[in-house]
Each structure stands twice: as structure tokens, then as C-alpha cells.
Amino acid sequence: MAEIIVVASQKGGVAKTTTTFNLASSLEVMGKKVLAVDFDHQGNLTSCLAKEGKQSIEMTVANLMNICIESEDDAVMPDRAEYIYQCGGLDFIGANRTLSTIEAKLLSEAGGERTLADVLEPLRDDYDYILIDTNPSLGILTINALAVADKVMIPVSPQYFSMEGLDDLIKSIVKVRKRINPKLSIAGICLTMCEFRTKLYRRVYEDILEYTADKIRIYDAKIPYTVKIGESLYVGENVATYCASSPASVAYLKLAKEVLGCE
């Protein structure tokens, strides 16, 4: 049965989608069956995975959620081949801007916070891991992701204002755990876009250590800032495929091993 991990951050620009993409790819390379779910209306993860462009994705997570919302009884979902796409050995469910129209429906729907769970729970037995990329907010869509998740991974970029929103996100996770999803836990904080030689990195890292006070795990794998990540995204490849010797590729593989409990 799949472990569902949400990659979440209230702050944008922290390599959330990049981390979801490369972690999912690294887990797949290590022999795990992985489903990546794009749960951001911008569809950036879909752009990474859809080789023919995200316009080729005809059925998205928004369509599936709409089926659940409009069904009076148990929703009858389409055949999985209609909405689960492949990128190499990695499966994914795409998203586009229609996801933003679902948000208003969820707010007026009784039990709307469990709609994504209705989509993903039947898929658990087919995968080892399901990774969900979320939008940078604490709205009803993120609540949906937290409601179905087992764990939350929080990417943090050690830059100015990096701690901004972290406390609010953690408070939201605690509330969801108390009110909706008692099994939810914080997997850890993943430091991304790290420039290790700068004073700023060292100062922010110390701030994060002080903030977590050993109560929240900080992954040993710290993702370096490197142009190779941007180049790989530009050509639609994970960084390991684009440049296996890149420090970022090595770091994401290390992160995957930590997720698996190998390190």
C-alpha cells in the first residue's frame, strides 16, 4: 500500500515542484512504483512530465474531483488508463488551470476536504509511493492534500524570508491532524537551492535548527543551487537523466534513500 507524501510550502520559489519531480524520479530509479500528482493549477509538474506538452493531458485531477463532487453516491471513476499518464517508468496525474474552478465548489461541498482522498485512496494498492505537488497556499486545495496524506515534506530555501509562512504551515498540519487526518505527520524539512559557501546559508540554517529544536527532522540531503536543475527542467528531464554527475542529482538520490529509510 502506497505511502502518500505531500510536498508543501506556503512560500513560492522554494523548488517544491522541482523536488517533487526529482524525488519521484529518484524513487522510481530505485525500483519503486511511484505516482506523481500535480495538485497546482499552474500545472508546472505536468509540464515536466508530459512529453507532448500539458495541453495533451485531456483528463486532469480537476476532472476526477468534479466527478466525485457531482456524484450523489459512490463516484464511478473512468478507466485509469484515461487519467494516469506515463513518463518513462513514472506514472502521473496532471493538472491545469481548471483546478482553480474546483476550489469554489469544494468550499460549498459537505466533506469537500476529503474529495482528493476519494480520487487517490483506490490507487494506494497499485503504488509504493504517491507524491503530491501542491500550490503555495493554505487554502482548501492544500487541505485536501493534507487530508489524504500520510506525511508532509516541507522544502525550505535558505534565503531571506525563508522562515516566512513555515509556522503557519505547521499549525495547519497540526489542525488537519486533529480534525481530519489523525495519521498525518511531518516527514521533515528539505533544504533546497543551497549555496553552501555563503554566510546567508549558514545563518539561515542555524535559524532553522533553532526553530525546529530537534522536533522536526531536517534531511541530511541538502539540494544545492545549480544551473543544471534549471537546464534539466527546460528540456523536460529530471536532473539525474540530464546530468547524473551533478551534485543535485546525487543529493536527490540521497534524499530518496532517506525517504526509504536506507540512510
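What you see is a predicted model; the values in this text were computed from it and never measured.
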Between Leu166 and Ile216, is there a shared hydrophobic cluster once you connect ILVMFWY residues whose side-chain heavy atoms come closer than 4.5 Å?
yes

Scan residues 18-66 for pairs that pass ring pair (Phe, Tyr, Trp, His ring centres under 6.0 Å), counting only residues two or more places apart or in two chains.
none

Can you tell me if Thr17 and Asp133 form a side-chain donor-acceptor pair at under 3.5 Å?
yes

Partners passing salt bridge (Lys or Arg N to Asp or Glu O under 4.0 Å) against Asp167 (at least two apart in sequence or in another chain):
Lys171

Between atom CD of Glu231 and atom NZ of Lys228, what is the distance when rounded to the nearest 0.5 Å?
4.5 Å

Atom CG of Asp207 and atom CZ of Arg202: how far apart are they, to the nearest 0.5 Å?
13.5 Å

Ring pair (Phe, Tyr, Trp, His ring centres under 6.0 Å) contacts touching residues 67-105 (sequence neighbours left out)
Tyr85-Phe92

Can you tell me which residue among Asp125, Asp91, Asp126 is in a salt bridge (Lys or Arg N to Asp or Glu O under 4.0 Å) with Lys33?
Asp91

Which residues end up grouped with Tyr234 if you chain together Ile, Leu, Val, Met, Phe, Trp and Tyr wherever their side-chain heavy atoms are less than 4.5 Å apart?
Val235, Tyr242

Ring pair (Phe, Tyr, Trp, His ring centres under 6.0 Å) contacts touching residues 183-212 (sequence neighbours left out)
Phe196-Tyr201, Tyr201-Tyr205

Taking atom CD1 of Ile130 and atom CD of Glu121, what is their separation to the nearest 0.5 Å?
8.0 Å

Using the side chain to side chain contact (heavy atoms under 4.5 Å, CB included) rule, pick out the option among Ile5, Leu90, Val259 that qualifies with Leu131.
Ile5

For the residue pair Thr241 and Asn238, confirm or rule out a side-chain donor-acceptor distance under 3.5 Å.
yes

Check whether any side-chain heavy atom of Asn66 lies under 4.5 Å from a side-chain heavy atom of Thr98, and answer yes or no.
no

Does the side chain of Thr60 pick up a donor-acceptor pair with the side chain of Asn63 at under 3.5 Å?
yes

So does Glu206 pair up with Arg203, basic N to acidic O under 4.0 Å?
no

Hey, mind stepping through Val119 and Cys68 against side chain to side chain contact (heavy atoms under 4.5 Å, CB included) and telling me if it holds?
CA-CA 8 Å; Val119 174; Cys68 294; 3.9 Å; yes

Got more than 12 heavy atoms from elsewhere within 6.0 Å of NZ, Lys178?
no

Val239 versus Ser246, closest heavy-atom pair with distance:
CG2-OG, 4.1 Å

Minimum heavy-atom distance Asp128-Gly31, with the two atoms named
OD2-O, 4.5 Å

Got a list of side-chain donor-acceptor pairs under 3.5 Å for residues 145-157, not counting sequence neighbours?
from	atom 1	to	atom 2	distance (Å)
Asp150	OD2	Ile4	N	2.7
Asp150	OD2	Arg124	NH1	3.0
Lys151	NZ	Glu3	OE2	3.4

From the list Leu35, Thr142, Leu116, side chain to side chain contact (heavy atoms under 4.5 Å, CB included) with Ile132 holds only for Leu116

Are Lys51 and Cys87 close enough that some pair of their side-chain heavy atoms sits under 4.5 Å apart?
yes

Considering non-hydrogen atoms only, spot the tightest contact between Ile102 and Ala62 and give its length.
CD1-O, 3.6 Å

Are side-chain heavy atoms of Val14 and Met193 found at a separation under 4.5 Å?
no

